[in-house]
Novice: 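Here's a structure for you.
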Amino acid sequence: MFKTLKTVKLQKNQIIKDIRGREIKPKFRGIPVIDEAKLTNLAECQKACPTCAITNDKKIDLGKCIFCGECARVSNGAISFTRNHKYSAAKREDLIVNGEINPIAAKEEITKIFGQSLKLRQVSAGGCNSCEMELNACSNANFDIGRYGIDFVASPRHADGVVITGPVTKNMAKALEDTLLSTPEPRIVIAVGACAISGGVFQDSDEIDRTFFERHPVDLYIPGCPAHPLTIINGILDYLGCK
Amino acid sequence: MVMTKTLKFKNNEVIKKSDIPVVEFNDFMLMVSDTHYRVANLFINKEEEYQNNLYAVIADDKNAELHIVKTIVGNEYPSLTLRRPSVHMFEREIYENYGICPAGHPFLKPVRVNEGYEFLKSDDLQSHEVAVGPVHAGIIEPGHFRFLCQGERVMHLEIQLGWQHRGVEKMLKNNPNIWLAESISGDTTIGHSSVFARGIEALSGMKVCGRAKTIRKIALEMERMAIHIGDIGAIAGDIAYLTAAETLGVTRTLVINTMLEISGSRFGKGLMRIGGVNFDIDEELKGKIVSMLEEVDNRVTEMCGAMFANATVLSRLEHTGLVSCKRAEEIGMVGPAARASGVIVDNRIYGDYKDFTPVSAQNGDVWARAYQRYLEIKQSKDMILEMLDELEGNLETPAILSDYPKDSMCITMTEGWRGEICHVIITDKSGAIQQYKIKDPSFHNWFGLALAVRNNQISDFPVCNKSFNLSYCGFDL
């Protein structure tokens with residue numbers, strides 16, 4: 001008993017009090033910025049990008065970007081990564097950015113229905129387990145997403161929405177669809193990670209089946225490879241219209 | 001059977017296909033079934049569509065030697081599993097991928113294809129089936145578990161995977177790139193990406209500088225520490241010992257946040273590149289790593305000390321999910337799960353480590369697998385401290401890639417935190433990559449989990465599962 005109490009004392013208080021204002025340590029690669037005037041080798045940067053995230057009009061599609069930093073290395077200083085980790089969006093086109101992202105416009109009805117309590121069911125559909133681990137980390141004593149009334153539940157029947165990770169493999173397509181259809185309405189769909197949003201590094205695989213997204217629109221996109229817990233939590237809070 | 005007719009090779013060495021001796025099937029079978037050695041890999045490489053080359057990578061763990069040997073088989077050959085049970089998965093994989101039938105295989109069921117598979121049935125009226133998955137209750141990857149139970153007791157468990165199959169081997173063959181290798185299994189980012197990079201570097205004749213090699217090894221040990229800490233916490237969580245679940249959960253954060261300070265990613269994504277590493281560890285960072293290790297070591301020692309002395313914890317972990325040493329060896333388990341059963345197999349003996357001796361917790365139950373992790377956390381900490389002192393020189397970028405040698409093969413292995421990772425790259429007569437073969441340690445160990453839960457209460461399945469913590473996507477590829 002005393003041993004246990006001693007360890008608790010040793011651990012101190014680990015919670016991140018200010019989730020909204022907390023910054024991530026240097027070297028973290030957040031929203032990329034392209035210095036359009038300085039960028040002379042666009043084609044080379046596009047070629048270096050493993051997921052074809054750089055558009056012809058010198059923007060970066062965060063839905064495809066895996067934040068590997070390779071473009072920054074070949075761009076002779078024209079592309080750099082900021083430390084801004086808040087890059088979620090409610091519309092797919094809002095993810096195609098240069099340096100800044102439009103803040104999510106929270107819908108009144110969403111705030112009214114889910115603002116105080118949001119129960120989510122997670123489905124990994126071909127995810128490599130890094131997004132899954134970061135989603136798990138959201139509930140640990142550091143990030144404690146539960147304080148906002150957001151929880152991950154065991155059954156889709158108990159859920160208000162589904163969180164999808166992974167590029168959606170052919171083998172998981174039906175299970176994913178079934179899980180979503182088992183979730184009572186009104187429900188939301190959240191796509192976490194480059195794989196779920198665009199296929200990511202697996203976009204050219206012939207073992208994936210992304211027709212799910214043709215039938216079911218995504219309400220919230222949380223990019224990353226994997227998405228950092230602070231990105232996930234802040235993204236969901238923005239979507240819910242929480243302060 | 002003495003290994004005379006084989007080719008002895010070194011980990012990460014490029015070998016000519018023509019140097020690998022071709023033996024009669026009978027000799028091949030004798031070599032594979034010799035229990036003095038471990039079969040680290042068994043795979044088919046097709047030559048010109050009609051010739052099936054069956055390769056075996058045989059590890060002599062006592063003398064730290066690796067051997068490779070080849071035989072030619074038709075569309076059917078006598079199953080090797082009957083003589084060497086540990087190759088049962090390899091043969092099932094061969095059958096599924098190429099249709100080459102290991103005749104007499106005791107249980108030739110699918111590996112990554114589930115459609116139409118009928119699970120084992122029991123005609124005992126007292127038994128019932130419990131189906132779990134592919135979508136599980138937590139935030140976890142998909143897989144299907146079918147329990148055959150009598151009351152609460154598990155008589156048999158079948159684990160059917162394949163839900164995560166993304167065609168990684170094919171994609172890596174067509175377009176070998178580090179980012180895909182990082183996503184073979186995201187929790188083993190460093191393990192898989194470093195093995196991939198070393199394989200490509202060896203084939204293209206790149207010389208990686210010593211500093212980059214050391215940074216890779218430091219990152220590998222940090223990955224091991226982080227996951228092991230989280231896993232002990234997860235085991236504690238499953239037996240409702242929440243103090244350890246929470247405190248170890250946040251202790252893991254310290255390690256992965258330091259990984260972020262090195263590479264910009266908590267999982268080390270973006271650290272490896274073909275030819276070296278993208279980020280250096282400077283003096284300031286070195287200091288941070290050292291103080292992090294001290295802090296983590298202090299917390300883990302205190303927490304595990306309390307946990308492993310707690311009677312309620314011990315009563316739940318001891319004798320639960322037992323895999324005996326004999327059984328673990330028989331089915332070819334690897335990694336910490338094998339070492340926890342007393343099978344001393346650790347691929348780091350084939351790597352570039354000074355005086356490395358594997359540690360073992362011996363007992364083979366969930367307690368041992370948890371304690372094994374504790375021992376390995378300590379060991380990795382000491383290794384990192386030693387390697388930090390070895391960091392010298394500057395990071396150098398090696399010369400530009402040359403073409404891959406023709407008709408060659410490079411087998412690269414390392415000890416990831418789950419066990420032996422093995423990547424085989426084979427080139428064809430034009431020097432293009434003909435085959436990319438990946439073996440994640442989970443490939444061996446899933447069957448160990450199935451055996452561990454036998455005769456246990458079904459409610460103990462979660463804690464058994466956590467004690468193995470195997471990869472779904474690493475298996476499904």
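In the text below, chain A, chain B and the rest are named by the order of the sequence lines, each starting its count at 1.
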Novice: Mind listing the closest non-hydrogen atom pair of B:F279 and A:R73 along with its distance?
Specialist: CZ-NH1, 4.4 Å
Novice: Working to the nearest 0.5 angstrom, can you tell me the gap between A:I24 CD1 and B:E261 CD?
Specialist: 12.0 Å
Novice: Do you know which of A:G166, A:P167, A:C225 has the most heavy-atom pairs under 4.5 Å to chain B?
Specialist: A:C225
Novice: Once you round to the nearest 0.5 Å, how far does OG1 of A:T169 lie from CG of B:D476?
Specialist: 8.0 Å
Novice: Which atoms form the tightest heavy-atom contact between B:K269 and A:C128, and what is the distance?
Specialist: NZ-SG, 3.5 Å
Novice: How long is the straight-line distance from CD of B:E141 back to CE of A:M172, given to the nearest 0.5 Å?
Specialist: 10.0 Å
Novice: Taking all atoms of both residues into account, what is the closest heavy-atom pair of B:L260 and A:P26, and its distance?
Specialist: CD2-O, 4.1 Å
Novice: Examine whether an atom of A:V153 lies under 4.5 Å from a heavy atom of chain B, and if so say whether it belongs to the side chain, the backbone or both; otherwise answer neither.
Specialist: backbone
Novice: Which residues in residues 13-21 of chain A have any heavy atom closer than 4.5 Å to a heavy atom of chain B?
Specialist: A:Q14
Novice: In terms of heavy-atom proximity below 4.5 Å to chain A, should B:A244 be classed as side chain, backbone, both, or neither?
Specialist: neither
Novice: Checking heavy atoms, do the side chain of B:L477, its backbone, both or neither come under 4.5 Å from chain A?
Specialist: neither
Novice: Which answer fits A:F2, side chain, backbone, both or neither, if we ask what part of it has an atom under 4.5 Å from a heavy atom of chain B?
Specialist: neither
Novice: Go through the atoms of B:T243 and report whether side chain, backbone, both or neither lie under 4.5 Å from a heavy atom of chain A.
Specialist: side chain
Novice: For chain A, which of B:E295, B:R273, B:R252 has the most heavy-atom pairs under 4.5 Å?
Specialist: B:R273
Novice: What part of B:Y472 gets closer than 4.5 Å to chain A, counting heavy atoms only: side chain, backbone, both or neither?
Specialist: neither
Novice: Under 4.5 Å heavy-atom distance to chain B, tell me which part of A:C195 shows up: side chain, backbone, both or neither.
Specialist: neither
Novice: Identify which part of B:S263 has an atom lying under 4.5 Å from any heavy atom of chain A, answering side chain, backbone, both or neither.
Specialist: backbone
Novice: Sort B:N298 into side chain, backbone, both or neither according to what part of it lies under 4.5 angstrom from a heavy atom of chain A.
Specialist: both
Novice: Where does B:R112 contact chain A at under 4.5 Å (heavy atoms): side chain, backbone, both or neither?
Specialist: backbone
Novice: Quick check on the interface: out of B:I256, B:V113, B:I184, B:D187, who has the most heavy-atom pairs with chain A under 4.5 Å?
Specialist: B:D187
Novice: Tabulate, in ascending numerical order, the residues of residues 165-176 of chain B having at least one heavy atom closer than 4.5 Å to a heavy atom of chain A, or enter 'none'.
Specialist: B:H165, B:R166, B:G167, B:V168, B:K170, B:M171
Novice: Are more than 12 heavy atoms from other residues, nucleotides or ligands located less than 6.0 Å from atom CZ of A:R22?
Specialist: no
Novice: So which part of B:I227 gets closer than 4.5 Å to some heavy atom of chain A, the side chain, the backbone, both or neither?
Specialist: side chain
Novice: Answer with side chain, backbone, both or neither: which region of B:R266 has an atom nearer than 4.5 Å to a non-hydrogen atom of chain A?
Specialist: side chain
Novice: A:R121, A:Q122, A:K6: which one forms the most heavy-atom pairs within less than 4.5 Å of chain B?
Specialist: A:R121
Novice: Counting neighbours of CZ on A:R157 that are heavy atoms of other residues, nucleotides or ligands and sit closer than 6.0 Å, is the number greater than 12?
Specialist: no
Novice: How long is the straight-line distance from CD of A:E70 back to CG of B:N177, given to the nearest 0.5 Å?
Specialist: 10.0 Å
Novice: With a 4.5 Å heavy-atom cut-off (strictly below), which parts of residues 130-138 of chain A touch chain B? List them by number.
Specialist: A:S130, A:E132, A:M133, A:E134, A:L135, A:N136, A:A137
Novice: Check each atom of B:I140 against the heavy atoms of chain A and say whether the ones under 4.5 Å are side chain, backbone, both or neither.
Specialist: backbone
Novice: Shorter than 4.5 Å, heavy atoms on both sides: which option in A:G127, A:S155, A:S139, A:G69 has the most such pairs with chain B?
Specialist: A:G127
Novice: Work out which heavy atom in B:D280 is nearest to a heavy atom in A:K27; give both atom names and the distance.
Specialist: O-NZ, 4.1 Å
Novice: Relative to chain A, which segment of B:I262 carries a heavy atom at a distance below 4.5 Å: side chain, backbone, both, or neither?
Specialist: backbone
Novice: Compare every heavy atom of B:Q164 with every heavy atom of A:S124, then report the nearest pair and how far apart it is.
Specialist: OG-NE2, 3.6 Å
Novice: Looking at every heavy atom in both B:A306 and A:T7, which two are closest together, and how far apart are they?
Specialist: CB-CG2, 4.5 Å
Novice: Under 4.5 Å heavy-atom distance to chain B, tell me which part of A:F202 shows up: side chain, backbone, both or neither.
Specialist: both
Novice: Using heavy atoms and a sub-4.5 Å threshold, report which of residues 174-184 of chain A line up against chain B, by residue number.
Specialist: A:A175, A:T179
Novice: Enter the distance from A:C68:SG to B:E182:CD here, rounded to the nearest 0.5 Å.
Specialist: 8.0 Å
Novice: To the nearest 0.5 angstrom, please state how far the CG atom of B:N469 sits from the CG atom of A:N129.
Specialist: 7.5 Å
Novice: Using a cut-off of under 4.5 Å on heavy-atom pairs, state which of B:G186, B:A245, B:G233 scores highest against chain A.
Specialist: B:G186
Novice: Would you mind telling me which of B:A137, B:P134, B:G270 has the largest number of heavy-atom pairs within less than 4.5 Å of chain A?
Specialist: B:A137
